[in-house]
Amino acid sequence: MLPAQSLISWFDAHGRSLPWRGESATPWRVLVSEFMLQQTPVNRVIPRFLGWMQRWPTPADLAAATGAEVLREWANLGYPRRALWLRDAAEQIESKHAGSVPDNLDDLLRLHGVGDYTARAVLAFGFGQKVPVVDTNVRRVLARVDRGVAISPVRTRTDMTEVAASLPEKSACAAKASLAYMEFGALVCTARAPLCDSCPITNACAWRAAGYPAGSQATQTRQKAYIGSDRQVRGRILAMLRNADDALRIDEKVLGWPDAAQVSRAVHSLFADGLISSGPADTWKLPE
DNA sequence: GTCCCGGGCA
DNA sequence: TGCCCAGGAC
């Protein structure tokens with residue numbers, strides 16, 4: 001069982017002040033931040049989040065934006081489909097929820113780009129509800145503190161049950177506990193070099209009791225190299241179009257990329273994803 | 001299970 | 001270079 005009270009105390013003393021936390025944690029700000037934080041480190045999100053919220057303070061504001069506008073504001077955060085999904089979510093919030101972020105799991109999960117993690121994060125951090133919030137940090141903390149292993153294969157449903165059992169009764173405290181778990185995983189119980197010497201819960205840690213056994217590589221699937229990948233080509237194309245005022249021809253020469261077939265494949269997949277649209281005479285541009 | 005972005009760090 | 005990062009869609 002995760003020691004909720006100990007980690008809440010630690011969080012009160014050491015938790016970071018972030019633009020989507022504390023007094024400014026409205027459901028909409030939390031939703032925007034969670035989209036941006038998917039697979040993206042906090043420090044890279046902060047400036048983009050501030051610019052985004054200044055430009056589109058409400059769902060109605062974002063719903064009225066074009067694809068080109070949101071993709072340019074998203075800039076180089078990565079996974080740019082998230083920017084379009086977030087705008088789509090804003091449109092749905094406008095049309096189906098009277099401009100207010102829904103406060104229940106089913107409606108949140110119907111928003112494109114909102115999954116098990118993001119939906120519960122909005123409920124907990126935006127609405128102060130008592131729901132288990134399990135991200136990569138919490139999974140790792142659970143694996144170590146409760147099960148005594150460095151990292152375990154992804155079993156989100158089991159992890160959610162375990163986290164739920166550890167949450168304090170009062171909903172506001174439960175939400176704070178989830179925040180504390182995540183922050184603890186991000187700052188102390190980190191993936192690569194955990195700061196076990198300054199850990200506030202050493203006496204509750206099964207991983208420490210077991211002598212910090214290393215993880216088994218077998219459970220983890222290897223990530224494909226980014227260099228030379230289709231993802232890199234797609235990224236280059238979008239970067240060119242973000243910085244261009246007019247529609248552009250996209251080929252291997254313009255892009256400085258040796259593999260013409262790969263460029264063609266990337267263009268078509270970007271089009272299929274709605275990230276680019278066709279301009280005049282074999283050119284491409286950011287979508288309206 | 002595979003793909004989607006991009007920067008940072010050991 | 002490989003791995004990691006407040007995941008989600010297909």
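Lettering of chains follows the sequences in order, A, B, ..., and the numbering in each one begins at 1.
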Is there a donor and acceptor pair closer than 3.5 Å between the side chain of A:Arg44 and the base of B:dG6?
yes
Return no unless some side-chain N or O of A:Arg140 is found under 4.0 Å from OP1 or OP2 of C:dC5.
yes
Look at A:Thr136 and C:dA6 and indicate whether a side-chain polar atom (N or O) is within less than 4.0 Å of OP1 or OP2.
no
Whole angstroms only, please: what is the CG-C1' distance between A:Asp273 and B:dC4?
8 Å
Provide the distance between the two C1' atoms, one in B:dC4 and one in C:dC5, to the nearest whole Å.
14 Å
Can you see if the side chain of A:His112 gets near the phosphate of C:dC10 - specifically, an N or O under 4.0 Å from OP1 or OP2?
yes
Can you tell me the distance, in whole Å, between the CG atom of A:Leu108 and the P atom of C:dA6?
21 Å
Is there a side-chain polar atom (N or O) of A:Asn76 under 4.0 Å from OP1 or OP2 of B:dC5?
no
Rounded distance (Å) that lies between atom P of B:dC4 and atom CG of A:Leu77
18 Å
Checking all strands, does A:Gly78 fall into the base, sugar-phosphate, or nothing category for heavy-atom contacts under 4.0 angstrom?
base
Within the pair A:Thr118 and C:dG8, is there a side-chain N or O less than 4.0 Å away from OP1 or OP2?
yes
Strictly below 4.0 Å: does A:Tyr117 bring a side-chain N or O up to OP1 or OP2 of C:dG7?
no
Got a sec, which residues hit salt bridge (Lys or Arg N to Asp or Glu O under 4.0 Å) with A:Asp12, two or more places apart in sequence or on another chain?
A:Lys176
